[in-house]
Amino acid sequence: MTNPETRLKTLTMKFGGTSLGTAEAIGQSAEIAKAARDHTADRIAVVASAVHGVTDALQEATTAAAGGDERYLQIIAELRDLHRGCAEALAEQESEVVVAEIDELLEGFAGFCESVSVLAEAGPRALDHAMSLGEQMSVILLAAFLRQIGVAAIAVNATDIIVTDDRFQDAAPLLEATRRKAVENLVPILERGQTPVITGFIGATPDGITTTLGRGGSDFSAGLIAACLESDELWIWTDVDGVMTADPKVVRSARTIETLGYQEVRELSYFGAKVLHPKTIQSVFDTEIPIRVKNTFNPSHAGTFIIPDLNESNGAIKAITAVPNVSLITVEGKGMMGVPGIAARTFDGVARTGASVLLISQASSEQSICFAVPRANAPAAVEALEFEFELALSRGDIDRVWAQDDITIVTVVGSGMRQTAGVAGQVFTATGRQGINVVAIAQGSSECSISLVVQDRDGDDAVRAIHELVIED
Ligand code: ADP
Ligand code: ASP
Ligand code: MG
């Protein structure tokens with residue numbers, strides 16, 4: 001960091017949907033933010049997700065409306081009750097204002113759904129408009145809860161902060177424009193001694209059209225804002241005691257990992273650890289801001305501390321993650337060696353379908369190329385490759401292009417692990433003991449992970465079996 005030592009200490013903290021699920025949880029989140037402002041930092045910027053389940057409900061209502069199903073009215077009524085229920089815990093005057101603001105947003109949404117039902121379609125742009133409402137409502141609530149305990153908080157819509165391209169549903173931030181807006185619109189609030197409560201997940205194109213950063217994207221928003229404000233730290237508040245050795249919902253004996261390096265977290269989140277959005281590290285990478293992941297419902301627990309470089313080379317496995325619902329696509333044939341540029345053409349062909357390749361598996365023979373894509377993308381990918389290799393297929397140089405569905409990628413992560421002899425062996429012994437068939441292996445480009453491909457039905461068992469190696473350590 002280039003700032004002089006006299007500068008004010010700034011913290012950015014993000015509260016996830018689970019930390020905002022009820023009036024009690026919102027109150028708890030507000031207390032946590034206030035305590036940080038009173039005791040840890042000179043100023044804080046708060047980023048909030050939608051109240052738990054709201055983004056899904058907004059998506060469902062919009063899709064129902066597009067299909068001519070009036071169920072959207074019911075969903076809107078439930079959303080109104082949910083937010084009103086949370087606002088009831090506020091003092092009467094504040095509660096009335098909050099309810100009026102949220103009602104206005106939901107009335108707008110009802111009108112929007114009506115138009116969608118007339119048009120009978122809702123594309124990505126319309127969905128972004130709808131799905132951005134959850135965060136717009138939650139920041140109104142959280143800011144009011146903060147004011148109630150004496151923090152001068154104001155709700156801020158990230159459409160005024162985060163500038164993105166127009167890839168609706170998965171927009172990418174334009175960094176320079178975002179930095180300018182953040183400095184222009186957030187710094188004055190902080191300088192007035194106020195606390196901005198900013199919508200996670202959403203942004204806007206340079207023309208001001210609302211976009212979203214992809215599901216779970218509030219962590220990414222918080223990283224972007226932390227970077228723009230040159231925050232000293234980024235704190236992610238969630239519903240578990242930090243980043244754990246495995247998803248605690250799958251492995252009951254999962255434990256908190258005290259420290260992790262950026263690279264390890266990147267691998268973990270990319271390969272399925274939902275606790276942090278995969279792009280969070282990317283957003284703080286250049287500024288090297290340390291991250292803490294902590295539990296809103298157990299705030300005295302230290303959680304996990306994430307730093308840019310972790311000089312550890314004990315080679316131990318630190319965590320195991322899983323990505324289910326993947327397809328493994330294989331291009332195979334004995335004459336493949338003779339087909340010019342086959343690997344490049346394969347991946348170009350897949351890229352043109354918009355599918356992202358999650359992993360490439362190196363087969364021992366040169367007679368096949370094998371890679372994984374999300375299951376929903378598999379049919380289009382196979383079709384694109386059959387088209388690309390039409391000639392080679394007709395000549396018999398390539399025998400077939402085929403997809404194996406119902407696949408889970410299980411990944412073991414630990415810095416320095418790959419240089420340590422025997423880790424892969426231990427992993428295969430552990431899965432073998434359980435009779436789990438490993439369909440393929442991938443040693444990614446990163447030094448700190450090894451992935452195995454198993455059938456979906458073996459996914460949880462594979463994670464549990466390998467997790468035993470962490471516990472034994
Ligand atoms: P939030 O609403 O706070 O963003 P999420 O549901 O997105 O919360 O992420 C937290 C969840 O991530 C946890 O409840 C947990 O089930 C899941 N999770 C998956 N893998 C891990 C892991 N390795 N460590 C911690 N949590 C994990
Ligand atoms: N509310 C958004 C979602 O449910 C973003 C987030 O929770 O991070 O995907
Ligand atoms: Mg999340």
Side-chain angles (χ1 to χ4, degrees), residues 13-22 25-26 28-29 32 47-60 79 127-128 130-139 158 162 169-171 198-203 211-224 235-258 260 264-280 283 293-298 301 303-304 306 317-324 410-414 449 459-460 463 466-467 470:
M13 39 179 64
K14 175 254 172 179
F15 293 93
T18 47
S19 303
L20 304 167
T22 59
I26 302 174
Q28 167 77 353
S29 298
I32 286 172
V47 177
S49 296
V51 170
H52 185 58
V54 168
T55 312
D56 286 332
L58 291 163
Q59 184 175 24
E60 201 186 323
L79 286 173
L127 279 169
D128 272 359
M131 288 162 75
S132 74
L133 279 174
E135 274 71 10
Q136 293 180 51
M137 294 189 283
S138 69
V139 292
I162 294 181
Q169 298 267 280
D170 188 25
I198 309 149
T199 55
F201 182 52
I202 70 186
T211 54
T212 65
L213 308 180
R215 294 307 302 270
S218 294
D219 304 318
F220 184 26
S221 309
L224 291 167
W235 291 17
I236 304 280
W237 291 94
T238 184
D239 65 343
V240 288
D241 289 336
V243 182
M244 309 187 75
T245 49
D247 184 347
K249 292 193 181 102
V250 176
V251 182
R252 282 193 19 223
S253 55
R255 298 186 304 224
T256 300
I257 307 169
E258 274 175 34
L260 281 164
E264 289 173 317
V265 174
R266 214 156 39 180
E267 295 292 308
L268 273 165
S269 54
Y270 179 77
F271 285 113
K274 191 187 169 202
V275 64
L276 275 180
H277 187 277
K279 290 185 187 151
T280 316
S283 62
V293 181
K294 286 172 68 75
N295 190 348
T296 304
F297 307 101
N298 187 17
H301 191 290
T304 299
I306 301 166
I317 296 175
K318 282 183 147 178
I320 302 107
T321 62
V323 188
V410 174
T411 303
V412 293
V413 177
S449 74
D460 286 352
V463 171
I466 301 167
H467 192 261
V470 180

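If you're wondering where the values come from, they're calculated on a predicted model, not measured in any experiment. One-based numbering, in listed order, for ligands and for the atoms of each.
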Who are the side-chain contact (heavy atoms from CB on, under 4.5 Å) partners of Gln28, not counting sequence neighbours?
Ile32, Thr296, Pro299
Do the side chains of Asp247 and Val463 get nearer than 4.5 Å, heavy atoms only?
no
Decide yes or no for Thr18 and Thr238: does some side-chain heavy atom of the first lie under 4.5 Å from some side-chain heavy atom of the second?
yes
Under 3.5 Å donor-acceptor pairs involving side-chain atoms of residues 48-58, not counting sequence neighbours:
residue : atom : partner : partner atom : Å
Ser49   : OG   : Ser218  : OG           : 3.1
Asp56   : OD1  : Arg215  : NH1          : 3.0
Asp56   : OD1  : Arg215  : NH2          : 3.1

Does the side chain of Ile236 come within less than 4.5 Å of Lys294's, by heavy atoms?
no
State, with a plain yes or no, whether a side-chain heavy atom of Ser29 is found less than 4.5 Å away from one of Leu20.
yes
Is there a side-chain contact between Thr245 and Val251 (heavy atoms, below 4.5 Å)?
no
Ligand 1: which protein N/O atoms lie under 3.5 Å from its N/O atoms?
residue  : atom   : partner : partner atom : Å
ligand 1 : 2 (O)  : Gly17   : N            : 3.1
ligand 1 : 2 (O)  : Thr18   : N            : 3.3
ligand 1 : 2 (O)  : Thr18   : OG1          : 3.3
ligand 1 : 3 (O)  : Thr18   : OG1          : 3.3
ligand 1 : 3 (O)  : Thr238  : OG1          : 2.7
ligand 1 : 4 (O)  : Lys14   : NZ           : 3.1
ligand 1 : 6 (O)  : Lys274  : NZ           : 3.2
ligand 1 : 8 (O)  : Thr238  : OG1          : 3.3
ligand 1 : 12 (O) : Val275  : N            : 3.4
ligand 1 : 14 (O) : Asp239  : OD1          : 2.9
ligand 1 : 14 (O) : Asp239  : OD2          : 3.3
ligand 1 : 14 (O) : Lys249  : NZ           : 2.8
ligand 1 : 16 (O) : Asp247  : OD1          : 2.8
ligand 1 : 16 (O) : Lys249  : NZ           : 2.8
ligand 1 : 23 (N) : Met244  : O            : 3.0
ligand 1 : 24 (N) : Met244  : N            : 2.9

What heavy-atom pair brings Lys279 and Phe220 nearest, and what distance separates the two atoms?
O-CD1, 3.4 Å
Is Leu268 close to Leu260 at the side-chain level, that is, under 4.5 Å between some pair of heavy atoms?
yes
Check each protein residue for a heavy atom under 4.0 Å from ligand 2 and list those that pass, ordered by chain and number.
Ser49, Ala50, Thr55, Glu135, Phe201, Arg215, Gly216, Gly217, Ser218
